[in-house]
Every structure is written in structure tokens, then in C-alpha cells.
Amino acid sequence: MKILVQTEAFDLGAEVDAMRAGRTDIGAIASFVGLARDMNEGSGVAAMTLEHYPGMTEKALAKLVDDANARWTLQDVTVIHRVGRLLPGDPIVLVAVASRHRGEAFAACEYIMDFLKTQAPFWKKEETPEGERWVEARESDDAAAARWNA
Amino acid sequence: MKILVQTEAFDLGAEVDAMRAGRTDIGAIASFVGLARDMNEGSGVAAMTLEHYPGMTEKALAKLVDDANARWTLQDVTVIHRVGRLLPGDPIVLVAVASRHRGEAFAACEYIMDFLKTQAPFWKKEETPEGERWVEARESDDAAAARWNA
Amino acid sequence: MKLRVLYFARLRERFGVGEESLECDGGTVADLLVQLRARGGAWAEELAAGRTFRVAVDQSIVPPDAPLADGAEVAIFPPVTGG
Amino acid sequence: MKLRVLYFARLRERFGVGEESLECDGGTVADLLVQLRARGGAWAEELAAGRTFRVAVDQSIVPPDAPLADGAEVAIFPPVTGG
């Protein structure tokens, strides 16, 4: 398990290669990269700044990974989330999950993303033509997390 | 859209970087890598050889991607499947899907994998201590594909 | 009519042939299968009713009652196992 | 009891403070919120009943009736928007 909160960019290929290095028992690696977009809620976004709660962030991410491990049989999980100022097109978050079987890798990867969105203490502030604004939480993200309890 | 059937290895990082190069409108890239395992059905697997039906393979993969595009709003899709002899730990298949929103990227990526498993004309032959054997199709793969019609 | 018939994977090995051209009198996939089973041996065994295999005509999977046209490319193969 | 209280994102900006140490007489999160609202202005407005915010005690999100212990780290922040 690898959990990082960092300002630097990450390298998806290198992270996935690190998961599988020296192993021949992994059947599936599902991964996700979330990127900063140039538009949100109908406004152009020139840049965004990600703030977080140091200490709690790492705890919250570790708990999500523990929950995923309890729910599925996983072989390795990597979560990297960037903070600081990011430009449109910049990668924000990486989640990669290795498992013997693809169904578990896909489910766990999406589960971790859904709960990261609603549980991990990050906040985005966007720079738009109308000024700076804090991004509001989305009901669709709450709904995405809630469906795992169904 | 990029669809390749090749003997050479692929580079997940390079493929995902190519999808997002010069773009600032992508919010999510879900990707999947399937790997050759050292065990299957209780036997050690020293190597496998992937055979395919040239011509039909590319058509079948293009149809899966078209079906996914009809079902979700996607920005780009890459599918690469290797053929020939592979060793445990070698990557076999890559599917990467770019979309504005993560739910669509995840769903389309898993959809393409599920139907690739049941619709694309590839066959695996494994080298085991008991000799060579053709891999049998799995009912769990049919079930995974069938749930998309529910 | 004249058909190009391809076999893949385990069926290719069992039949000892990957591709052949043949004359088929019937007009459907089912007619072609009757003709191939009449060869006996592995053909009768592997293509028997109840055995699981797939048939593609011109590179699309079809049901047994699918029609055949002169010059069609027919492929017969086991359920796929890629990915 | 003595508490370390942290504010993040929009609430940090509205309150003009990111962190403070304070004495709290009550024993629950709800008591602390009453005390903070009594400061008036942005405090009364942002922490009013019906406004949506989250409270974490020692880095875990808790409900309003959660107990507080001396020396606890309490954080108050808007719903999260990472990922």
C-alpha cells in the first residue's frame, strides 16, 4: 500500500510498473487518473488550488484503502493526491489497484475514488473570469458513495 | 480511438499521456491492464501463447468501442491487445477511457473489458507442468458481460 | 457455392487444418456443419450437436440458421478466452 | 478543557483564522459550536443550524453530539471537494 499527498506531478506508468515489479501473481490492475478541467459549472477555470488537512488526509486515505481491502481481495493499492496550484490538464489524483481478478480491481478502484471524493479532506478553489470561488460539494458525489451501501 | 493488436509490449503511461496531450477538457481517465499470471485452475503456468483471428479481431474491438461510445459520453478510447507468446507477469491487454466524468470512464472501461473477454476472437494456450492446454471459457466472464443488459 | 472456411485454436489443432476452400451445397451455416460432420472423426465429434463452438460469417458471429453467400468467409472456433 | 481548533478552506477565509487554542466549558462538539456562534458575525452565520459543515475530532469526522476530551484537535470545515 502506498499513499502520498504531494505537490509534484505523479507518473502513472511508473506507479503501475512499481506495483507489478518482480511479481507474477497479479492478473489485473485497474487505475484512475483525475484531471483538472478548463470548465466547471459553466465557467472557464484558469487554475485551481487544492488545500488539505495534513495528518487527517493521510489517515482518511489509509482508512479508505483498509475498507477496500476488507471488502475485496486485493494485492496492492496506490493512492496519490496532489495539492497546491494546478492548471487545466494537470493530473490531480491517481488510484491504482492490483488484484488477481479484474472485477475486484475495478470495483475497489471506483470505491476508493467515490469515497475519496466525499471523505478525504481536500478542498478546491478555482480561478475563474468572475474571480476566485470555492468548489461546492456535489450531490452526485454523495450518491456515488451511497450506492456502495446498497 | 486507437485499437491495436500487436506482439510487442505496450506502455500504459505513454498511452494515457497521448490521450491527454494538448487537452484541458478531460476530467477522468480510467484504465485497465490485464496480466499473465503464473497460476490458473490450480496449475503453474510457465508461459502462454495468444492466438487471434486477424481482421475479425480488429472489427470486434472497434464494435465494442462503438457500443461504449453509444452508451456513454466518452472523449477517447484506447484498446491494445497482445498476441504471441507471453510469460507470467507480462501485460496482455490495455483499455483506457477518457471522459469528462469518472463514472462514465469507469463504466465504459469495465464494459469494454467484459465484452472483450466474451466477444473478441482471442484464444489462450497455456504451458503447464502437465503439458499444453487451451484455456476454457469461463461462465463468470459470460455473467460479467450479461449484467450490462440488465 | 464456394466458401473459405477458417478454424482456430483447439479446433484448428483437432482438425489439423487452419483454412480450406470448399464447395457447399446448402445455403445456411447449419448445412455447412452437416457437411463437415459427415467427414467423421474429430469433425463429427467436435461439431456434434451439444458441443460448444462459435461460427462467424464474414467476421461477425452468427446463429446456426444464418444464410451463407457464395464467396463468404466462415470461421469456426471455440468460445474466446482473450483479455 | 483546552482545545486546538482548526478551520479549513472557505471557513478559514470567512473566519480569518486557520488555527486557535481555546478553553471550552462544554463537553461535546455541540457545546463548542454554541461557544463559537456566540462570537457573532461570520461565526454565527456559517455555523448556524441548517448550514452544512463537517466537524472532525482528532482527525476523524464525528456527529455534533460527539464528546470532547482535554487537548483534543477539533477541525471545522466545508464538505470536501477533492479528487
Side-chain angles (χ1 to χ4, degrees), chain A residues 5 32-37 40-41 48-64 79-84 86 91-95 109-126 131-142 144-145, chain D residues 2-22 24 28-29 32-33 36 41-83:
Chain A
V5 179
F32 179 83
V33 174
L35 303 149
R37 288 204 294 142
N40 189 26
E41 306 282 338
M48 66 165 63
T49 300
L50 266 148
E51 175 175 336
H52 78 123
Y53 179 177
M56 178 170 168
T57 313
E58 293 79 358
K59 270 177 70 169
L61 294 177
K63 183 177 184 304
L64 298 187
V79 179
I80 305 177
H81 202 297
R82 295 175 72 186
V83 292
L86 298 173
I92 302 171
V93 60
L94 162 69
V95 176
C109 189
E110 191 165 14
Y111 175 96
I112 291 169
M113 270 309 303
D114 283 349
F115 282 96
L116 184 154
K117 282 262 177 188
T118 58
Q119 302 293 316
F122 295 98
W123 301 273
K124 286 186 189 123
K125 190 180 202 176
E126 295 175 335
E132 292 192 336
R133 66 179 183 196
W134 289 98
V135 173
E136 299 274 334
R138 285 213 182 91
E139 280 183 32
S140 61
D141 286 328
D142 290 329
Chain D
K2 200 170 167 118
L3 302 174
R4 184 170 166 240
V5 188
L6 310 178
Y7 310 100
F8 288 96
R10 196 175 51 74
L11 293 185
R12 176 178 49 72
E13 289 189 346
R14 284 279 284 150
F15 298 156
V17 58
E19 177 174 347
E20 62 177 322
S21 288
L22 55 76
C24 179
T28 69
V29 166
L32 172 63
L33 292 173
L36 293 174
W43 300 89
E45 192 182 312
E46 294 288 351
L47 303 178
R51 292 302 293 261
T52 303
F53 55 89
R54 305 275 181 265
V55 179
V57 173
D58 293 331
Q59 306 187 347
S60 293
I61 289 178
V62 297
D65 62 350
L68 294 172
D70 189 51
E73 176 178 305
V74 182
I76 307 178
F77 46 78
V80 303
T81 58

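Labels below follow one simple rule: chain letters A, B, ... track the order of the sequence lines, proteins then strands, and each chain is numbered from 1.
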Checklist entry - Side chain, backbone, both or neither: which part of A:K59 has a non-hydrogen atom closer than 4.5 Å to chain D? => result side chain

Checklist entry - Can you say whether A:K125 sits under 4.5 Å from chain D via the side chain, the backbone, both, or neither, judging by heavy atoms? => result side chain

Item to check | Contact winner vs chain D - A:D142, A:V135, A:I92, heavy-atom pairs under 4.5 Å | outcome: A:V135

Item to check | Region of D:A9 in contact with chain A, defined by heavy-atom distances below 4.5 Å | outcome: both

Checklist entry - What residue among D:E46, D:E20, D:R14 forms side-chain hydrogen bond (donor to acceptor under 3.5 Å, both in side chains) with D:Y7? => result D:E20

Next on the checklist: Less than 4.5 Å apart, side chain to side chain, heavy atoms only: is that true for D:L11 and D:P78?
Outcome noted: yes

Item to check | Point-to-point distance, once rounded to the nearest 0.5 Å, from CG of A:L64 to CE of A:M113 | outcome: 10.0 Å

Checklist outcome for this item: Max heavy-atom pairs within cutoff under 4.5 Å with chain A, candidates D:R12, D:R54, D:R10, goes to D:R10

Next on the checklist: In terms of relative ring orientation, are D:F77 and D:F8 parallel, tilted or perpendicular, with 30° and 60° separating the classes?
Outcome noted: perpendicular

Next on the checklist: Could you walk me through whether A:H52 and A:E58 satisfy the side chain to side chain contact (heavy atoms under 4.5 Å, CB included) test, starting with their C-alpha distance in whole Å, then the side-chain angles of each, then the deciding distance to 0.1 Å, before giving a yes or no?
Outcome noted: CA-CA 10 Å; A:H52 78 123; A:E58 293 79 358; 4.2 Å; yes

